[in-house]
Amino acid sequence: MALLWPTLTTEPARGGEALRRALGHAVTLAEAGAVVLALREDGEDESERTTATDAARGPTIYAWDLPLKDARQLVARLAADPAPEPLDGRPRVAILPEIWGGEVATLTLGDANGAAGEVHLLGPSGFSTRRALAEPARRQALVGVLVTAVRMHQESARLRQENRQLGSILHFSGDGIVTVDPTLRITGFNPAMEAMTAWHQHEVMGRFYGDVLRPHTPQGVPLGYDRDPLVQAIGDGKTVLNRELVLLARDGQRVIVSV
């Protein structure tokens with residue numbers, strides 16, 4: 001039976017709040033009344049009031065100060081009948097009176113990593129000719145803020161998805177797996193480890209791993225920090241393979257493992 005000792009992966013910062021702030025700033029900077037963000041890659045629903053993910057119907061849509069049903073309709077209408085692309089880099093402008101009583105200015109979002117999607121700014125008639133959208137430097141600054149927020153949001157969603165997948169793998173693994181944080185406190189204890197040691201996960205979370213598993217050498221000598229493979233792996237980052245240890249189960253029974 002193998003025993004793995006992966007260190008804890010720090011929970012990534014959530015990107016949803018940064019994305020919401022960026023949308024709010026975009027409305028202010030562009031002197032608009034609302035904004036709709038349509039991402040080309042599926043994201044994760046993080047907004048409490050303005051976010052929806054519907055991969056079957058198209059892009060992931062984030063709306064600020066516009067009902068979500070209207071945001072969906074707007075994106076669908078613009079996709080079906082897109083406005084001409086201006087040659088000078090200014091936003092595309094469309095009039096959709098059944099959705100918004102003004103005009104809609106659309107900018108493409110992208111960077112060196114490729115296209116990220118589009119932002120649709122909704123404002124009064126003529127707002128797209130104001131300085132925030134008409135002047136190239138101001139327009140690029142607005143786009144840059146939004147692209148940065150979008151990339152942060154996408155990376156955060158990707159890392160959370162990977163962590164969920166890792167958690168599933170650990171849970172269903174036939175090998176006993178315990179995870180710890182850098183202070184050697186237990187952060188994870190899978191079912192196989194529970195079966196090996198007779199400890200339950202809720203009983204060991206947050207406890208120092210040495211107090212729970214009491215590692216010894218095969219000769220029965222308690223491991224010191226200088227010989228503990230977990231301490232070595234955290235200390236120098238080197239992989240530890242095929243080290244035989246003896247753990248003590250909850251009732252004191254010896255459990256021989258390969259680390």
Side-chain angles (χ1 to χ4, degrees), residues 7-66 68 70-72 74-76 78-79 82-83 85-86 88-94 104-123 127-128 131-168:
T7 57
L8 175 67
T9 300
T10 302
E11 176 69 16
R14 297 180 69 83
E17 183 57 35
L19 186 59
R20 287 191 290 273
R21 286 199 303 267
L23 291 178
H25 290 327
V27 169
T28 301
L29 292 174
E31 300 179 50
V35 62
V36 175
L37 178 64
L39 298 186
R40 296 187 179 183
E41 296 182 0
D42 292 338
E44 180 172 331
D45 188 341
E46 291 190 356
S47 173
E48 295 179 355
R49 67 184 186 93
T50 59
T51 303
T53 301
D54 193 346
R57 298 184 181 181
T60 304
I61 298 172
Y62 300 83
W64 181 275
D65 284 348
L66 186 72
L68 191 54
D70 292 342
R72 287 174 172 162
L74 181 144
V75 171
L78 293 177
E85 187 82 39
D88 60 0
R90 295 192 183 196
R92 306 192 307 272
V93 178
V104 180
T106 299
L107 291 168
T108 299
L109 302 179
D111 54 16
N113 294 319
E118 292 184 327
V119 60
H120 310 290
L121 294 154
L122 293 73
F127 91 103
S128 61
R131 295 175 62 189
L133 295 179
E135 294 184 4
R138 292 174 180 265
R139 189 169 61 243
Q140 284 303 113
L142 187 151
V143 169
V145 169
L146 287 173
V147 170
T148 299
V150 167
R151 295 308 189 198
M152 288 176 58
H153 177 72
Q154 292 173 333
E155 179 66 8
S156 179
R158 183 188 67 81
L159 290 175
R160 284 192 300 278
Q161 177 63 21
E162 289 184 357
N163 282 344
R164 284 194 295 270
Q165 293 173 345
L166 176 60
S168 179

Enquirer: Would you list the atom pairs, donor with acceptor, under 3.5 Å between side chains in residues 22-39 and any protein atom, with sequence neighbours excluded?
Expert:
from, atom 1, to, atom 2, distance (Å)
Thr28, OG1, Gly24, O, 3.3
Glu31, OE1, Arg130, NH1, 3.4

Enquirer: Does Leu159 reach the side chain of Glu162, with side-chain heavy atoms less than 4.5 Å apart?
Expert: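 SC-SC contact between Leu159 and Glu162 confirmed.
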Enquirer: Give a yes-or-no answer on whether the side chains of Arg164 and Ser168 include a donor-acceptor pair shorter than 3.5 Å.
Expert: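 There is no such pair (donor and acceptor under 3.5 Å, judged by atom type) between the side chains of Arg164 and Ser168.
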Enquirer: Find the distance between CD (Glu85) and CZ (Arg90) and round it off to the nearest 0.5 Å.
Expert: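 These two atoms lie 13.5 Å from each other.
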Enquirer: Can you find a pair of side-chain heavy atoms, one from Leu121 and one from Pro91, that are under 4.5 Å apart?
Expert: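 A side-chain contact is absent here, since even the closest heavy-atom pair is not under 4.5 Å.
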Enquirer: Looking at every heavy atom in both Ser128 and Val93, which two are closest together, and how far apart are they?
Expert: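 Heavy-atom minimum between the residues: OG-CG2, 3.5 Å.
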Enquirer: Find the distance between CZ (Arg72) and CG (Asp70) and round it off to the nearest 0.5 Å.
Expert: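 These two atoms lie 11.0 Å from each other.
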Enquirer: Quick one: pull up CD in Gln154 and CG in Asn113 and give me the separation to the nearest 0.5 Å.
Expert: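 Spacing of CD (Gln154) from CG (Asn113) equals 9.5 Å.
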Enquirer: Return each pair, listed once, that meets side chain to side chain donor-acceptor pair (under 3.5 Å) where at least one residue sits in residues 136-150; pairs must be two or more places apart or across chains.
Expert: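 Output for this query lists Glu135-Arg138.
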Enquirer: Rounded at 0.5 Å granularity, tell me how far CG in Leu142 sits from CG in Leu133.
Expert: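 The CG atom of Leu142 sits 6.5 Å away from the CG atom of Leu133.
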Enquirer: If you look at every heavy atom in Arg20 and Trp64, which pair is closest and at what distance?
Expert: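 Of all heavy-atom pairs spanning Arg20 and Trp64, the closest is O-CZ3, 3.4 Å.
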Enquirer: Can you find a heavy atom in the side chain of Leu74 that is under 4.5 Å from one in the side chain of Ile61?
Expert: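 No; the side chains remain at least 4.5 Å from each other.
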Enquirer: Can you list every salt bridge (Lys or Arg N to Asp or Glu O under 4.0 Å) pair that touches residues 107-121, not counting sequence neighbours?
Expert: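 Residue pairs with at least one partner in residues 107-121: Arg92-Glu118, Asp111-Arg151.
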Enquirer: Closest approach of Ala79 and Pro82, non-hydrogen atoms and distance?
Expert: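 What the structure gives for the nearest pair is O-CD, 3.7 Å.
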Enquirer: Are Met152 and Ser156 packed together at the side-chain level, in the sense that at least one heavy-atom pair is separated by less than 4.5 angstrom?
Expert: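 Not touching, per the 4.5 Å side-chain cut-off.
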